[in-house]
Number of protein chains: 2
Amino acid sequence: MRDHGADAKVFKAFCDVNRLQILELLRSGEKCACVLLENLKIGQSTLSYHMKILCESGIVVSRIEGKWTHYKISEEGSEYALKLLQTLTQRETVSSDCCSCESQSHHG
Amino acid sequence: MRDHGADAKVFKAFCDVNRLQILELLRSGEKCACVLLENLKIGQSTLSYHMKILCESGIVVSRIEGKWTHYKISEEGSEYALKLLQTLTQRETVSSDCCSCESQSHHG
DNA sequence: TCAACATATCAATAATTTTCGATATGTCAG
DNA sequence: CTGACATATCGAAAATTATTGATATGTTGA
């Protein structure tokens, strides 16, 4: 049985337009927060908020270097999300029931 | 340039625990709304709301049969989401800049 | 140490999403 | 046609998420 709460957290990264834009910026490589900020129409604290969600999803990882925090897309996290998505949408493989192709219903 | 709004819609399917539970139920095959309702702790109108979001994401498709609406996971929609996730997290491939591995920043 | 800076966190508000009950729509059996 | 049923839609309320400005934390260079 899956932990839906944890799974949902992963995909939270992708269901907000600001976060998608941040990911788009990160696709060209690691960026520090100030560069992201320059390219978005949001405030500093809002960026920080979204970066926290992105990091918690595992899709983004951060690296602090002195005053600056650098963010990049995590290959590991991305692969995990990909596998998870696959699992969540894949037909359940239960050894016993393999060929029942009809809709399950409690009527007729 | 991607349509972040449209992309976000796809992943909305996966960032709510009720919807993840619905998907889990659908993994074993097509189900009618009443069967889903029996297996969830939500009301009928709430289920209808979530099914709409799932259908709009393209991950689920519905089929009306008389009084009943049957839902199932769309293979096509799932594949699309998978490809999309891949794209969104993949390193951007720009012909000119191929080997710049350093963090982009406007300082130092 | 101090001032300037980068980022995180906090508390309040705004905006959005979710839930619920009531009702509308459409189907079927009688 | 009528009544029972399945599902969708609506409006209001509840819950959650996003945004903002203020402030805290930590770094750097003078």
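In what follows, every chain begins at residue 1, and chains take the letters A, B, ... in the order their sequences are listed.
- Residue whose closest nucleotide on DNA chain D sits further toward the 5' end, between A/Q44 and B/K52: B/K52.
- Residue contacts for B/K12: at a heavy-atom cut-off of 4.0 Å it reaches the sugar-phosphate backbone alone, with no base atom in range.
- If you measure from atom NE2 of B/H70 to atom P of D/dA8, you get 12 Å, rounded to the nearest angstrom.
- Minimum atom distance to the side chain of A/Y71 is reached by C/dT7, of the listed D/dT7, C/dT7, D/dA18.
- B/I53 comes within 4.0 angstrom of the backbone, heavy atoms only, and of no base.
- The B/Y49 side chain lies nearest to C/dT18 when the options are D/dA22, D/dT7, C/dT18.
- In this structure, A/T46 reaches the D/dT20 phosphate: one of its side-chain N or O atoms is under 4.0 Å from OP1 or OP2.
- Rounded to an integer number of Å, the gap from A/E65 CD to C/dT7 P is 11 Å.
- The side chain of B/K67 lies closest to D/dC5, out of D/dC5, C/dT19, C/dC10.
- Annotation: of the two residues near DNA chain D, B/S48 and A/I42, the 5′-most nearest-nucleotide partner is B/S48.
- One atom, CZ of A/R19, and another, C1' of D/dA18, lie 9 Å apart when rounded to the nearest Å.
- Rounded to whole Å, the distance from CG on A/L54 to P on C/dT7 is 15 Å.
- Atoms CE (A/M51) and C1' (D/dT19) sit 17 Å apart, rounded to a whole Å.
- Side-chain contact between A/L25 and A/L40: present, with at least one pair of heavy atoms (C-beta onward) separated by less than 4.5 Å.
- One finds no side-chain N or O of A/H50 lying less than 4.0 angstrom from the OP1 or OP2 phosphate oxygen of D/dT17.
- Taking only side-chain atoms of A/T69, from C-beta outward, the nucleotide of C/dC10, C/dT7, C/dT19 with the closest atom is C/dT7.
- Within the nucleic acid shown, B/I64 has no heavy atom closer than 4.0 Å to any nucleic acid atom.
- In the set C/dT17, D/dA6, C/dA8, the nucleotide with an atom closest to the side chain of B/W68 is D/dA6.
- A side-chain donor-acceptor contact under 3.5 Å links A/R27 to the backbone of B/Q90.
- Screening A/K72, A/M51, A/K52, A/H50 for a side-chain contact (heavy atoms from CB on, under 4.5 Å) involving A/V60 leaves a single residue, A/M51.
- Within the 4.5 Å cutoff, no side-chain heavy atoms of A/S57 are placed close to those of A/F14.
- With rounding to whole Å, A/L37 atom CG is found 13 Å from D/dT20 atom C1'.
- Candidate nucleotides D/dT7, C/dT18, D/dT20 were compared by shortest atom distance to the side chain of B/D16, and C/dT18 ranks first.
- Screening B/L26, B/I73, B/L20 against A/L88 for a side-chain contact (heavy atoms from CB on, under 4.5 Å) leaves a single residue, B/L20.
- Atom CG in A/L47 sits about 14 Å away from atom C1' in C/dT9, given to the nearest Å.
- Residue A/E75 places its CD atom among 12 or fewer non-hydrogen atoms of other residues, nucleotides or ligands, all under 6.0 Å distant.
- Of the candidate nucleotides D/dT19, C/dT9, C/dA8, C/dT9 has the atom lying nearest to any side-chain atom of A/S45.
- Taking atom CG of residue B/L36 and atom P of nucleotide D/dA8, one finds them 11 Å apart after rounding to whole Å.
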